[in-house]
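Single-structure report; data block below.
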Amino acid sequence: MENDVQSEFELAKSLKKQGRVDEAERHYRVAAEAGHPRAMLNLGVLLVGRDPDEAERWWRAAAEAGNATAMGNLGILLSDRGRPGEAESWYRAAAEAGELDARHNLGLLLVERRDLAGAVEQFRIAAAAGHVASMNNLGIALGELNRFDEAEEWLRRGAENGDGRAMCSLGNQLYALGRRDEADEWWAEGAALGDANSMVNLGVRHEHRNDLARAEECYRDAAKAGHPRAGARADALAAGNWPNGAPYMPGLF
């Protein structure tokens, strides 16, 4: 019987890789109903977009069976559904089971709660284990606590690991500390990696130098990279006015 269940799971995985998702779902469901935790996990992944209630049920079953990835996924889903207390419990369980993404998400939840000390604790554990996004968020949280030397150290680690967001955050801190040439260098690095916020910051810096054509180009690039306000800023810069008629003031963040 156990071999039959595993066979159903392996068949479902193979079908999913072939793009035969409906068939994969049927076989995952057979294995999940027979108690296979990874089938429960994968079935939830297939279901979450169209039936989050059922996805939650399967991830909860897998999590209760000890699957750490399901614990983390359940935490994300519960957080998205406005149930942060339950989400925190599952993030903590997943983190204790070694899931670095879950520990990072726990840190983000604590930031939302303004428990920066608790967030720093979680980000630090994940960052020390090599989780790059946690290096960035640890640096940001430390900066908010005015622990600037530690913040710079972790932001540099994230940046040196190729994280465009950390490059942007490092630039932000250096700029605030008056180290503007260094900030420009890191924003340029982040922009080259596609970080939209770095592109916007470079645009503002080009405005400071009265290079408005280059500034507009940076904003256009940022809009293409997904920045929600960069396109409007580029249009206002080009026109000299915001849509409400207010004059555009170059150089302001």
Side-chain angles (χ1 to χ4, degrees), residues 68 71-72 75-76 78-80 84-85 87-205 208 218 222 225-230 252-253:
M71 296 174 193
I76 293 170
L78 291 168
S79 181
D80 288 345
E88 179 179 349
S89 296
W90 285 110
Y91 283 149
R92 288 189 182 278
E96 291 305 311
E99 285 288 310
L100 295 181
D101 285 344
R103 194 173 291 280
H104 174 256
N105 289 338
L106 174 58
L108 294 176
L109 187 152
L110 295 172
V111 167
E112 290 179 8
R113 194 181 294 164
R114 302 309 296 163
D115 180 3
L116 290 181
V120 163
E121 178 184 357
Q122 299 302 326
F123 289 144
R124 190 184 299 278
I125 293 170
H131 193 274
V132 177
S134 291
M135 297 175 191
N136 175 49
N137 286 309
L138 174 57
I140 293 171
L142 288 166
E144 290 195 41
L145 293 169
N146 297 322
R147 293 159 62 178
F148 298 118
D149 289 344
E150 289 179 84
E152 182 175 338
E153 174 189 349
W154 282 106
L155 291 173
R156 284 190 182 277
R157 289 197 195 187
E160 289 164 0
N161 273 279
D163 186 354
R165 291 169 301 176
M167 293 173 187
C168 183
S169 299
L170 178 57
N172 294 346
Q173 177 171 301
L174 294 170
Y175 187 90
L177 294 173
R179 295 157 62 184
R180 296 185 174 182
D181 288 342
E182 291 179 79
D184 288 344
E185 292 174 6
W186 282 111
W187 286 332
E189 294 265 6
L193 288 178
D195 182 76
N197 289 320
S198 293
M199 295 173 192
V200 167
N201 291 347
L202 281 180
V204 175
R205 292 292 282 151
H208 291 168
C218 287
H227 194 285
R229 296 179 301 280
L252 297 179
F253 271 101

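Shown here for G158 and A166, the closest heavy-atom pair between the two residues is C-CB, 3.6 Å. Across A188 and L202, no two heavy atoms sit closer than the pair CA-CD1, 3.6 Å. In this structure, A127 and S134 approach most closely via the heavy-atom pair N-CB, 3.7 Å. Scanning both residues, S198 and A191, for their nearest heavy atoms gives CB-N, 3.5 Å. In this structure, V200 and A230 approach most closely via the heavy-atom pair CG2-CB, 4.0 Å. Residues L193 and G162 approach most closely at CD1-O, 3.5 Å, considering heavy atoms.
Note: D101 CG to L106 CG = 12.5 Å, rounded to the nearest 0.5 Å. Put simply, CG on L170 and CD1 on I140 are 10.5 Å apart, with the number rounded to the nearest 0.5 Å. Considering NE2 of H104 and CG of L138, their distance stands at 10.0 Å, rounded to 0.5 Å. Considering CZ of R147 and CD of E153, their distance stands at 11.0 Å, rounded to 0.5 Å. To the nearest 0.5 Å, the span separating CD on E152 from CD on E182 amounts to 7.0 Å.
Using a 4.5 Å heavy-atom threshold, the side chains of L116 and R114 count as touching. No side-chain heavy atom of N137 sits under 4.5 Å from any side-chain heavy atom of W154. For the pair I125/F123, no side-chain contact is recorded, criterion being any heavy-atom separation below 4.5 Å from C-beta on. Between M135 and N161, the closest side-chain pair of non-hydrogen atoms falls below 4.5 Å. At least one side-chain heavy atom of R205 sits less than 4.5 Å from a side-chain heavy atom of Y175. N105 places none of its side-chain heavy atoms less than 4.5 Å from the side chain of L109.
Applying the salt bridge (charged side-chain N to carboxylate O under 4.0 Å, His left out) test to every pair with at least one member in residues 122-138, sequence neighbours left out, gives these pairs: R124-E150.
A donor-acceptor contact shorter than 3.5 Å is absent between the side chain of W186 and the backbone of C168. Proximity of a side-chain donor or acceptor of S79 to a complementary backbone N or O of G75 within less than 3.5 Å is not detected. Of the possible donor and acceptor atoms, one in the side chain of D163 sits under 3.5 Å from a partner among the backbone N and O of R165.
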Verdict with reasoning, R180 to H208, per side-chain contact (heavy atoms from CB on, under 4.5 Å) = CA-CA 12 Å; R180 296 185 174 182; H208 291 168; 5.6 Å; no
request  = Before giving the answer on side-chain contact (heavy atoms from CB on, under 4.5 Å), spell out for V120 and L145 the whole-Å C-alpha distance, their side-chain angles and the decisive distance to 0.1 Å.
outcome  = CA-CA 10 Å; V120 163; L145 293 169; 3.9 Å; yes
request  = Report the C-alpha separation of Q173 and L155 in whole Å, then their side-chain angles, then the decisive distance to 0.1 Å, and conclude whether the side-chain contact (heavy atoms from CB on, under 4.5 Å) test is met.
outcome  = CA-CA 9 Å; Q173 177 171 301; L155 291 173; 4.1 Å; yes
query = Should R156 and E189 be marked as a salt bridge (charged side-chain N to carboxylate O under 4.0 Å, His left out) after you check the CA-CA gap, both sets of side-chain angles, and the distance that decides it?
reply = CA-CA 12 Å; R156 284 190 182 277; E189 294 265 6; over 6 Å; no
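Screening M71, Q122, R103 for a side-chain contact (heavy atoms from CB on, under 4.5 Å) with R92, the sole residue that qualifies is Q122.
No side-chain donor-acceptor contact under 3.5 Å links N197 and W187.
The salt bridge (Lys or Arg N to Asp or Glu O under 4.0 Å) test applied to E160 returns no partner, not counting sequence neighbours.
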